[in-house]
Amino acid sequence: MRRSKVTLLLLLLVTNFFIVSAANPKIKNVIFMIGDGMGLAQVYAGMTASETPLSLEQFPYMGISKTYSASDYITDSAAGGTALACGVKTNNGMIGVAPDGSPVYSALHILAQHGWATGVIATSSITDATPASFVAHQPSRKMQEEIAADFVANTPDVFIGGGRKYFNSRKDGRNLLTELNNKGYEMISDLNGLKQSRSLKLAALLAEDGMPSMLDGRGNMLADATEKAIDVLKKNKKGFFLMVEGSQIDWQCHANNQEGVISEMLDFDKAVAKALEFAQNDGHTLVVVTADHETGGLVLKGGDINKHEVDAGFMLKGHSAVPVLVFAYGPGAEQFSGVMQNISMKNKILNLFNIH
C-alpha cells in the first residue's frame, strides 16, 4: 500500500511538471518590433482602413509605455530607442549612451555575448536612431558614419535596411562594405539578392539612405526581410533576438500625410504577421510590439468602419508626449501588460532568460 502511494505521488508530480511546462513554455527567441511614431490613433486608423483584422489584434497581452526621456518630456527616437534597447533614459539625440556619455548595452548586445544570433531590420537607414540604439554608442544620432563603424565593430548576424552611403562613401575613406565582407558577411544590395541568399551572415543595404515609402513603391520589403531574417537566425540552436522597425510611420506623421500613415501602418502589420506566425508555430518565441513615441498628435475626427474610411487630423509636425501601446505574445508575454516605463523592457526580456 505504501509503495502504491509513493508511486501515485511520483506520477502526480511528473504529470504536474509536464502540465506546468506546457503552460509555461521555455523562451528561446525574441522578436522585438517597433512602430516608430505609432500611437493608439495610428493603430486604430490601420484597424479601420484594413479590410481584415490586423495581426496586432491577435495579441493576448497589452500594456502602456511611458516615453519621456532624461532631458525632455517629449522624447526623440534616439533617446526613445536607447530606452527600449538599453534600459536607460538618456538625453534626446544620444545613441546607446547614458546622459554622461558612458556606453550602455542593449538586450541584443548582451544576448549576442551569451551565444544568441541577432538581427536588426529597418525601413530607414540602418544607421538611423532606432536601429542604431541596439548596436551603437554615440553622443549624437547625426553621427551616422560613426554609427556605421559601430555596426562593423558590433555586427549583428543579419542587418537589413537602407544607409549604404554611410558604409562606402565616407569622409574617412574607409570602405566598411569591404571590412564586412572580410568578416564573412554576404553583401546584398537588392531584395532579390536577399531572398536568394543562403548565408548565415547578411549585410543587406538596400538603399543609399532610407528606403522608399510605401507610397513610393517600397513593396513588401519589410515583411520579406522579417521572414528572411527569422529563417536565417532560427538556425542558431540557442536562439535569436531580432529587432524590426517600421520606421516610416513616423516619417508620414511628420509630413501629416494620412494616406502615408495608413499605408506604413498596414505594411508594419504585415511584418508583425510574419513574426506572429513563426511564434505561433514555434511555441518558444516572445513577440513584443511597441513604439518609441507618438508622432503628429494624430486625431481620428471621423470615419466609417464598414467602408474602411478614416478622417484624420494632425495637431503637430513633431512628436507628442502621450504614452504608447505595448503588445505581447508568447512565453513571458504577461510581463508586458499594465503601465510600464519604456526602460523596463530590456530587463523584462533578460529576466526571462535568467540573465541578470
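Count residues from 1 along the sequence.
- More than 12 heavy-atom neighbours from other residues, nucleotides or ligands sit within 6.0 angstrom of CZ on F314.
- Atom NZ of K237 has 12 or fewer heavy atoms from other residues, nucleotides or ligands within 6.0 Å.
- Side-chain contact annotation: S125 with T127, donor-acceptor N/O pair under 3.5 Å present.
- Between R218 and D267, at least one side-chain N (NZ, or NE/NH1/NH2) sits under 4.0 Å from a carboxylate O, which counts as a salt bridge.
- Evaluated for a side-chain hydrogen bond (donor to acceptor under 3.5 Å, both in side chains) with Y68, the options H293, Q341, K89 yield exactly one hit, Q341.
- We find that R141 and D76 are joined by a salt bridge, their nearest charged nitrogen and carboxylate oxygen being less than 4.0 Å apart.
- Ion pairing between E208 and K165 fails under the 4.0 Å rule for side-chain N and carboxylate O.
- Ring pair H109/H137 is perpendicular by interplanar angle, where above 60° counts as perpendicular and below 30° as parallel.
- The CG atom of L300 lies 8.0 Å from the CD atom of Q42; values are rounded to the nearest 0.5 Å.
- Considering D292, N92, D250 in turn, D292 is the only one that fulfils the side-chain hydrogen bond (donor to acceptor under 3.5 Å, both in side chains) rule with S77.
- At most 12 non-hydrogen atoms from other residues, nucleotides or ligands lie less than 6.0 angstrom from NZ of K142.
- Within 6.0 Å of atom NZ in K270, 12 or fewer heavy atoms from other residues, nucleotides or ligands are found, so the atom counts as exposed in its surroundings.
- Ring centroid separation for the pair Y329 and Y61 does not come in under the 6.0 Å cut-off.
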- Task: Please assess R174 against E179 for the test salt bridge (Lys or Arg N to Asp or Glu O under 4.0 Å), listing each intermediate value before the final yes or no.
- Result: CA-CA 9 Å; R174 288 175 67 184; E179 295 182 27; 2.7 Å; yes

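- Under a 4.5 Å side-chain heavy-atom cut-off, the cluster of Ile, Leu, Val, Met, Phe, Trp and Tyr residues that includes V88 is completed by V104.
- Counted within 6.0 Å of NZ on K66, heavy atoms from surrounding residues, nucleotides or ligands total 12 or fewer; the atom is thus considered open.
- None of T178, N175, I126 except one satisfies the side chain to side chain contact (heavy atoms under 4.5 Å, CB included) rule with F167; the exception is I126.
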